[in-house]
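Here is the structure we will look at, set down as structure tokens.
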Amino acid sequence: MTPIQLSMALLTPIARATDWVAPLNAALIEFGINTPARAAAFIAQIGHESAALSRTSESFDYSVQGLITTFGKRIAANAAVLGRQPGERAVPIERQIRIANIVYASRYGNGDAASGDGWRYRGGGLKQITFHDNYAACSAALGVNLLVQPELLVTDKKLAARSAGWFWLSIGGNAYVDRGDFDGLSTRINGAGITADSLAARRARWTCCRSALGGA
């Protein structure tokens, strides 16, 4: 995969594609994503998760309604106070931290809201690895202690790409592609509550990726 192909696949600036193409090519090789169809689906999914390679850390910049729609009862009692307020361009970072600590508390190995684990183990890397237990599993697979240094998924492009490759391998991503089940793959990645909008956005990226990388 060349920088031009990656830029075309994700409709992302060529400079950004150039920065990411080597780590992504290495991840494709390491994790056996070794056909044009597999590569197109993988790049489409991480393109969606990372906003076309522009983001390696989960944002909690939500409107009040966006918080309720996304996190439901976990945040309902606090949404009006913590969500984006009239006149704010973005939710201040201190409130984003509070949101993460509330909605991800006491789940998949995270401690309670006071522990700070929700923010510490928020989505990181190109696949947005989330929660203590997933950071632990990713750490074991990649040979890096992400529990102590979770920020490496945000700052290290190679690890950001490898973590996405590891997750793909762990869910059997190639098998979904090989049987032509892209929507099933999207649901496996995003969860059973995936929205119609998310499915549509992922399909649109997949169409661009197949055009640029092959695998139609």
Item to check | ring-ring contact (aromatic ring centres under 6.0 Å, His included) partners for Trp168, two or more places apart | outcome: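 Expected list: Phe42.
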
Test of understanding: with ring-ring contact (aromatic ring centres under 6.0 Å, His included), list the residues that count as partners of Tyr135, not counting sequence neighbours.
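Result, ring-ring contact (aromatic ring centres under 6.0 Å, His included) vs Tyr135: Tyr121.
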
Quick one: do Ser54 and Thr12 satisfy side chain to side chain contact (heavy atoms under 4.5 Å, CB included)? Show the steps, please.
-> CA-CA 9 Å; Ser54 69; Thr12 200; over 6 Å; no

Interatomic spacing from [atom1] in [X] to [atom2] in [Y] - rounded to 0.5 Å:
| X | Y | atom1 | atom2 | answer |
| --- | --- | --- | --- | --- |
| Phe71 | Leu82 | CZ | CG | 11.5 Å |
| Ile68 | Tyr62 | CD1 | OH | 13.0 Å |
| Trp20 | Asn25 | CH2 | CG | 13.0 Å |
| Leu185 | Arg179 | CG | CZ | 9.0 Å |
| Ile33 | Leu169 | CD1 | CG | 8.0 Å |
| Lys127 | Leu153 | NZ | CG | 11.0 Å |

Kindly state each residue pair satisfying side-chain hydrogen bond (donor to acceptor under 3.5 Å, both in side chains) with at least one member in residues 74-88, sequence neighbours excluded.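 side-chain hydrogen bond (donor to acceptor under 3.5 Å, both in side chains) check on residues 74-88 returns Asp61-Arg84, Glu88-Arg95.
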
Is [X] salt-bridged to [Y], cutoff N-O under 4.0 Å?
| X | Y | result |
| --- | --- | --- |
| Lys158 | Glu30 | no |
| Arg120 | Asp117 | yes |
| Arg38 | Asp178 | yes |

Let me check something: do [X] and [Y] share a hydrophobic cluster, defined by ILVMFWY side-chain heavy atoms less than 4.5 Å apart, either directly or through other members?
| X | Y | result |
| --- | --- | --- |
| Trp119 | Val154 | no |
| Leu28 | Ile171 | yes |
| Val103 | Ile129 | no |

Side-chain contact test, heavy atoms from C-beta onward, threshold under 4.5 Å: evaluate it for [X] versus [Y] and give yes or no.
| X | Y | value |
| --- | --- | --- |
| Leu24 | Ile46 | yes |
| Gln5 | Val21 | no |
| Gln45 | Phe182 | yes |
| Phe167 | Asn134 | no |
| Leu152 | Val144 | yes |
| Ser50 | Leu53 | yes |
| Ser211 | Met8 | no |
| Val148 | Asn145 | yes |

Minimum-distance pair of heavy atoms, taken over all atoms of [X] and [Y]:
| X | Y | answer |
| --- | --- | --- |
| Lys157 | Asp19 | CD-O, 3.7 Å |
| Cys209 | Ile43 | SG-CG2, 3.8 Å |
| Val64 | Ala79 | CG2-O, 3.5 Å |
| Leu11 | Cys208 | CD1-SG, 4.1 Å |
| Ala161 | Pro23 | CB-O, 3.6 Å |
| Leu146 | Cys138 | CD1-SG, 3.9 Å |

### Message
According to side chain to side chain donor-acceptor pair (under 3.5 Å), who are the partners of Gln96, at least two apart in sequence or on a separate chain?
### Response
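Gln96 satisfies side chain to side chain donor-acceptor pair (under 3.5 Å) with no other residue.
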
Backbone N or O of [Y] within a donor-acceptor pair of the [X] side chain at under 3.5 Å?
| X | Y | value |
| --- | --- | --- |
| Ser163 | Ala160 | yes |
| Glu58 | Gly124 | no |
| Asn110 | Ser106 | no |
| Ser7 | Pro3 | no |

Face-on cation placement of Arg203 at Trp206 ring, 6.0 Å and 45° thresholds: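 No, Arg203 does not lie over the aromatic ring of Trp206.
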
- Query: Using a distance-only test with no angle check, is there a side-chain donor-acceptor pair under 3.5 angstrom linking Arg122 and Ser57?
  - Reply: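 Note: Arg122 and Ser57 side chains meet the donor-acceptor criterion.
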
Go through the steps to decide whether Tyr104 and Phe131 satisfy the test ring pair (Phe, Tyr, Trp, His ring centres under 6.0 Å), and finish with yes or no. CA-CA 7 Å; Tyr104 288 160; Phe131 297 117; 4.9 Å; yes

- prompt: Counting only heavy atoms not in Ile93, do more than 12 sit closer than 6.0 Å to its CD1 atom?
  reply: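 It does: Ile93 CD1 has more than 12 such atoms within range.
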
Check whether more than 12 heavy atoms from other residues, nucleotides or ligands sit under 6.0 Å from atom CZ of Arg89, and answer yes or no.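 Counting neighbours around CZ of Arg89, 12 or fewer heavy atoms of other residues, nucleotides or ligands fall under 6.0 Å, so no.
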
Take Glu49 and Leu126 through the side chain to side chain contact (heavy atoms under 4.5 Å, CB included) test and state the conclusion after the steps. CA-CA 6 Å; Glu49 297 282 338; Leu126 293 180; over 6 Å; no

Among residues at least two apart in sequence or on other chains, which ones pass salt bridge (charged side-chain N to carboxylate O under 4.0 Å, His left out) with Arg55?
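With sequence neighbours excluded, Arg55 shows a salt bridge (charged side-chain N to carboxylate O under 4.0 Å, His left out) to no residue whatsoever.
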
Check: What residues form a salt bridge (charged side-chain N to carboxylate O under 4.0 Å, His left out) with Asp112, not counting sequence neighbours?
Finding: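 Once residues adjacent in sequence are excluded, Asp112 has no partner under the salt bridge (charged side-chain N to carboxylate O under 4.0 Å, His left out) criterion.
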
* To do: Decide yes or no on side chain to side chain contact (heavy atoms under 4.5 Å, CB included) for Ile189 and Arg202, but give the supporting numbers first.
  => CA-CA 11 Å; Ile189 289 171; Arg202 290 169 194 264; 4.0 Å; yes

